[in-house]
Amino acid sequence: MAYFQSKPTAGRHFLQIPGPTNVPDRVLRAMDNPTMDHRGPDFGRLGKAVLEKVKAVFKTQGHVVIYPASGTGAWEAALVNTLSPGDRVLMCETGWFAHLWHEMATRLQLVPDYIRTDWRRGADVAAIEAKLREDKSHSIKAVCVVHNETSTGATSRIDEVRKAMDAAGHPALLLVDTISSLASIDYRHDEWGVDVTVSGSQKGLMLPPGLSFNAVSEKALKASETAKLPRAFWDWKPMIAANATGYFPYTPATNMLYALDAAVDMLLEEGLDNVFARHDRHAEATRRAVRHWGFEIQCLDPRHYSSSLTAVRLPEGHSANALRATILEKFNMSLGNGLGQLNDRVFRIGHLGDFGDLQLVGTLGGVEMGLKAAGIPHKAGGVLAAMDYLNGNA
């Protein structure tokens, strides 16, 4: 059996969760190359090339550290390399993943100041600035923000967070999670003054899960010299030292690096601005379909709409989980579930990564047929509303 499937179904499975995303054939073929000696000269050349090339995706001239891990590992690496036990960190509860990062910070013996939201918008920039202005002693050592909250479909404005920090005259580090936004939504590590950017391979980078990333500023490297949280596997210092010659201090995910090389080539060949415009276009077409059906979008603020995914609220009395189960059973399509307080309240449509117009039309068609099959009241024609937008915005 090539892969597990609960029952034989004709046609391809539509994987429309907000990640892991569909892996392009070109990337799969790159992974399929023979495993090379990770201490040999060919690997050194590959490592140097990939480490340099991936900087363009983060829009940084600084170091990008690559771990064989999920995004959760990159969260931990960002914290333990820059902070000490008892340090205050300012965090924004924009959704489930911001909640989990907060939980990790607490377990690492940091002291989070938590700015809560209703899970329907991005980070509260005014509240961040106010908290920093109150901190006259500069005891807050880092501000941690999730750029694109995968659970809600709300994107925080990192450029505005940086302006708020500067306006407050506060020296805290800025740590940003881009796990579901990198290579899907415009992001600028250097220009926005981010100190550590956290990301993962399985979303906009179009790879399987298995690689995680820290893009690191000089200020963050300086902080790592005095940070006291325990670190060994996650330590930047031996990684950056080995990376100078293209190697890693321990066995890297060799074939995933082949895949990363191919994926970054695809992104740069399309052009990052074109990649972002494609995601913006598909997100707007999806929102038009959702509104036509008569449903609410979980994100309430249009300035915070995500271009990676759309979280859709069903009317009271209707189960989002039952709808997802119906769509999977009848139409062989997976949609994202609601997380945390949104469990069974929303379903999430992923429209990121290796994704084109026909995939979007098929995805929205599956949702609309599923709504009818599940008996959920809606106005038919959402797919046509999306198609009208796509036709007028090539």
Side-chain angles (χ1 to χ4, degrees), residues 19-20 54 58 60 62-114 140-151 158 172-182 189 194-203 205 207-217 219-243 248-253 256 260 339-340:
V54 77
F58 289 87
T60 184
H63 295 286
V64 177
V65 178
I66 304 175
Y67 297 101
S70 68
T72 305
W75 274 351
E76 183 164 338
L79 296 174
V80 300
N81 277 285
T82 57
L83 299 166
S84 299
D87 279 352
R88 290 176 66 197
V89 290
L90 183 58
M91 310 184 91
C92 300
E93 187 200 20
T94 49
W96 181 246
F97 291 96
H99 163 77
L100 292 178
W101 203 8
H102 168 270
E103 191 175 78
M104 174 186 283
T106 302
R107 292 171 66 186
L108 289 172
Q109 299 182 359
L110 299 170
V111 182
D113 283 34
Y114 210 22
I140 294 172
K141 301 304 181 185
V143 177
C144 301
V145 181
V146 174
H147 182 215
N148 186 74
E149 178 52 72
T150 324
S151 65
I158 303 303
L173 297 164
L174 177 55
L175 278 52
V176 180
D177 168 350
T178 67
I179 292 169
S180 62
S181 59
L182 189 76
H189 176 91
V194 180
D195 293 299
V196 187
T197 296
V198 169
S199 204
S201 58
Q202 72 274 21
K203 298 183 188 277
L205 286 174
L207 306 177
L211 294 182
S212 66
F213 305 85
N214 279 175
V216 183
S217 75
K219 182 179 175 181
L221 283 176
K222 185 71 175 174
S224 73
E225 295 174 6
T226 55
K228 297 292 194 297
L229 280 173
R231 59 191 188 268
F233 181 84
W234 304 117
D235 195 348
W236 289 337
K237 188 173 181 180
M239 286 287 278
I240 290 172
N243 287 172
F248 291 73
Y250 42 73
T251 306
M256 284 288 284
L260 177 62
L339 297 167

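Because only heavy atoms are used, hydrogens play no part in the values below, and waters and symmetry mates are left out as well, while side chains stay in.
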Q) Thr150 versus Lys203: any side-chain heavy-atom pair under 4.5 Å? A) yes
Enumerate donor-acceptor pairs with a distance under 3.5 Å from any side-chain N or O in residues 71-80 to protein atoms, sequence neighbours excluded.
unit_1: Trp75; atom_1: NE1; unit_2: Asp177; atom_2: OD2; d: 3.0

Q. Going from CG on Leu173 to CD1 on Ile140, what distance comes out if it is rounded to the nearest 0.5 angstrom?
A. 12.0 Å
Q | From Leu83 atom CG to Lys141 atom NZ, the distance as rounded to the nearest 0.5 Å | A | 9.5 Å
Q | Side-chain donor or acceptor of Glu93 paired with backbone N/O of Ala98 under 3.5 Å | A | no
Q: Show the numbers, then the answer: is there a side chain to side chain contact (heavy atoms under 4.5 Å, CB included) between Val143 and Val89?
A: CA-CA 6 Å; Val143 177; Val89 290; over 6 Å; no
Q: Please report the closest heavy-atom contact between Gly200 and Leu205, naming both atoms and the distance.
A: O-CD1, 3.8 Å
Q. Got a sec, which pairs hit side chain to side chain donor-acceptor pair (under 3.5 Å) with one end in residues 95-111, sequence neighbours left out?
A. none
Q. In Å, rounded to the nearest 0.5 Å, how long is the span from NZ of Lys219 to CG of Leu174?
A. 8.5 Å
**Q.** 4.5 Å side-chain heavy-atom contact, Leu229 and Pro85
**A.** yes
Q: Search all heavy atoms of Ser212 against all heavy atoms of Ser70 and return the closest pair with its distance.
A: CB-O, 3.1 Å
Q) Roughly how far, to the nearest 0.5 Å, is the CH2 atom of Trp236 from the CG atom of Asn243? A) 13.0 Å
Q. Do the non-hydrogen side-chain atoms of Phe213 and Val198 ever get within less than 4.5 Å of each other?
A. no
Q: Answer whether the closest heavy-atom distance between the side chains of Ile66 and Leu260 falls below 4.5 Å.
A: yes
**Q.** Of all pairs that satisfy salt bridge (charged side-chain N to carboxylate O under 4.0 Å, His left out), the ones with a partner from residues 82-92, not counting sequence neighbours
**A.** Arg88-Asp113, Arg88-Asp135
Q | All salt bridge (charged side-chain N to carboxylate O under 4.0 Å, His left out) counterparts of Lys228, not counting sequence neighbours | A | none
Q: For Gln202, check side chain to side chain donor-acceptor pair (under 3.5 Å) against everything at least two apart and list the hits.
A: none
Q. CE/Met104 to SG/Cys144 distance, rounded to the nearest 0.5 angstrom?
A. 11.0 Å
Q) Considering only heavy atoms from C-beta outward, does the side chain of Leu221 approach that of His63 to under 4.5 Å? A) yes
**Q.** Ser151 to Leu339 - nearest heavy-atom pair and separation
**A.** CB-CD1, 4.1 Å
Q) Considering residues at least two apart in sequence or located in another chain, which fulfil the ring pair (Phe, Tyr, Trp, His ring centres under 6.0 Å) criterion with His147? A) Tyr187
**Q.** Which atom of Tyr250 lies closest to which atom of Phe233, heavy atoms considered
**A.** OH-O, 3.3 Å
Q: Quick one: pull up OG in Ser201 and CG in Leu207 and give me the separation to the nearest 0.5 Å.
A: 5.0 Å
**Q.** Min side-chain heavy-atom separation Ile158-Val194 under 4.5 Å
**A.** yes
Q: List the atom of Trp234, the atom of Ala69, and the distance in Å for their closest heavy-atom pair.
A: CH2-CB, 3.7 Å
Q) What's the verdict on side chain to side chain contact (heavy atoms under 4.5 Å, CB included) for Asp195 and Thr82, showing C-alpha distance, side-chain angles and the deciding distance? A) CA-CA 10 Å; Asp195 293 299; Thr82 57; over 6 Å; no
Q.
Minimum heavy-atom separation for Ala215 and Phe58, please, with both atom names.
A. CB-CD2, 3.7 Å
